[in-house]
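The next block holds one structure in the form of structure tokens; read it before the comments.
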2 protein chains.
Amino acid sequence: MNSPKRATSKEHGPVKGGAAVTADLPTATALKLWVVLARSHDAIVEVLKADIDRHDLTIAEFAVMEALYHKGPQLLGEIQKRILVSSGGMTFLVDRLAKRGLAERQNCQSDRRARYAALTKKGDKLMQSIFPEHAAVIHKAMKGLKQSEQRELTALLKTLGKEAGRLAAETPACKAAMAEQE
Amino acid sequence: MNSPKRATSKEHGPVKGGAAVTADLPTATALKLWVVLARSHDAIVEVLKADIDRHDLTIAEFAVMEALYHKGPQLLGEIQKRILVSSGGMTFLVDRLAKRGLAERQNCQSDRRARYAALTKKGDKLMQSIFPEHAAVIHKAMKGLKQSEQRELTALLKTLGKEAGRLAAETPACKAAMAEQE
DNA sequence: TATGTAACTCTCACTACTGAGATACTAATG
DNA sequence: CATTAGTATCTCAGTAGTGAGAGTTACATA
């Protein structure tokens with residue numbers, strides 16, 4: 001599973017031994033949305049994890065391979081930003097894939113600090129055999145919604161994510177940046 | 001951050017050094033939805049993590065406290081199901097909260113296997129001071145959408161999550177259950 | 001009552017990841 | 001050039017969390 005998710009429900013007022021919680025309506029709406037979003041996300045992750053597990057890959061490993069498969073060789077840093085792991089994690093992931101012969105590092109001539117990661121033939125073959133299946137699993141996991149609904153959902157989430165992303169980018173970096181400036 | 005997330009985009013056909021990928025339209029729609037869902041989820045998690053961090057709590061710890069705060073004392077197993085951690089993780093989390101004096105264990109008279117977890121006074125006070133702020137952060141993270149849109153989104157996600165949850169419950173448990181039956 | 005099965009928590013070895021630095025290089029500026 | 005800042009990866013110690021299994025206790029049924 002993924003990150004532990006909140007347990008909040010609309011039960012307000014004193015519960016046996018619990019606390020009274022009062023929130024205004026917009027906040028309550030947002031909280032509810034978050035609970036539902038987190039839960040559906042986790043449910044899907046679980047389905048995907050079960051699928052990926054069958055090929056002895058972690059979700060992170062699969063994410064790296066997927067990035068390489070779809071976008072071709074990339075700098076480690078690029079992949080890192082895409083799949084959201086730490087720098088240490090990125091190195092570790094490529095190491096592991098390399099050890100299994102699924103990916104390899106390539107030096108960058110124009111910048112000798114940088115290294116590309118790329119799929120090996122074996123890795124590419126694996127993805128070719130795995131990915132369509134994986135896509136089918138996602139398709140199946142989404143089949144609770146009609147296509148039109150899926151598109152609507154996508155649009156809403158995109159808007160939501162854009163704002164949240166802006167907020168996220170602001171918060172921790174700002175903290176560091178502000179501290180630097182002293 | 002949470003679980004590493006996919007990098008798929010709609011770029012199909014051969015990319016520099018990459019592979020050709022062809023998916024039928026419904027699958028492409030589902031894939032896209034998943035990418036967007038995962039990204040917005042992660043963005044929000046990042047925002048929340050930054051908030052929770054300020055109180056020296058992990059997301060998992062906060063989730064436990066939140067469950068106790070809103071629903072009162074509960075069996076460890078109940079919390080576990082709610083916040084989706086392993087049994088070992090559950091024990092560990094309560095240990096840690098107990099060590100900090102924020103939560104405590106209580107024996108259950110009717111079932112001596114079971115133990116309740118409950119917030120201490122200190123833990124309850126902490127939640128009282130933290131939670132409204134936390135709710136405000138969520139509210140802020142969601143402010144890219146109007147309330148009506150948020151409700152719409154909630155409804156769609158609920159449908160999606162229900163189906164995905166059914167699928168998730170089926171997959172890994174079934175595997176184990178089937179194996180048992182031999 | 002005996003007995004098998006299920007339900008709870010806890011233990012422990014293990015793993016995937018993080019985050020702070022180290023190292024190596026590039027680039028901009030005086 | 002020399003210096004300083006910035007960027008890219010890698011190292012490594014530390015940590016949160018997993019999952020299989022042990023130890024208890026409850027419960028249903030013969």
Position toward the 5' end of DNA chain C (nearest nucleotide), A:D111 or A:S86: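 Mapping each residue to its closest nucleotide by heavy atoms, the 5'-most match is A:S86.
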Earlier contact from the 5' end, DNA chain C, for A:T58 and A:R112: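 Its nearest nucleotide lies further toward 5', so the answer is A:T58.
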Closest to the A:L76 side chain, choosing from D:dT25, C:dC25, D:dT9: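 Of D:dT25, C:dC25, D:dT9, D:dT9 is nearest to the side chain of A:L76.
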Proximal nucleotide (of C:dT11, C:dC17, D:dT18) relative to the B:T91 side chain: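 Closest of the options to the side chain of B:T91: C:dT11.
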Kindly compute the distance separating [atom1] ([X]) from [atom2] ([Y]), expressed to the nearest 0.5 Å.
| X | Y | atom1 | atom2 | result |
| --- | --- | --- | --- | --- |
| B:L126 | B:H55 | CG | NE2 | 7.5 Å |
| B:D53 | B:L48 | CG | CG | 11.5 Å |
| A:I138 | B:K32 | CD1 | NZ | 14.0 Å |
| A:K71 | A:E78 | NZ | CD | 10.0 Å |

Roughly how many Å is it from [atom1] in [X] to [atom2] in [N], rounded to a whole number?
| X | N | atom1 | atom2 | answer |
| --- | --- | --- | --- | --- |
| A:Y116 | D:dA8 | OH | C1' | 12 Å |
| A:F92 | D:dG14 | CZ | P | 17 Å |
| A:N107 | C:dA24 | CG | P | 15 Å |
| B:I59 | D:dA16 | CD1 | C1' | 12 Å |
| A:L75 | C:dC25 | CG | C1' | 14 Å |
| A:I83 | C:dA16 | CD1 | P | 14 Å |
| B:Q80 | D:dG19 | CD | C1' | 11 Å |
| A:D95 | C:dA16 | CG | C1' | 13 Å |

Can you tell me whether the side chain of [X] and the base of [N] have a donor-acceptor pair closer than 3.5 Å?
| X | N | value |
| --- | --- | --- |
| B:R115 | C:dT9 | no |
| B:S87 | C:dC8 | no |
| B:R113 | D:dA26 | no |

Sugar-phosphate, base or nothing in reach of B:G77, heavy atoms under 4.0 Å: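 Contact class for B:G77: sugar-phosphate only.
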D:dC10 phosphate, OP1 or OP2, under 4.0 Å from A:R105 side-chain N/O: yes
Below 4.0 Å: OP1/OP2 of C:dT15 and any side-chain N or O of A:R96: no
Aromatic plane relationship, A:H70 with A:F131 - under 30° parallel, 30 to 60° tilted, over 60° perpendicular: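 Perpendicular.
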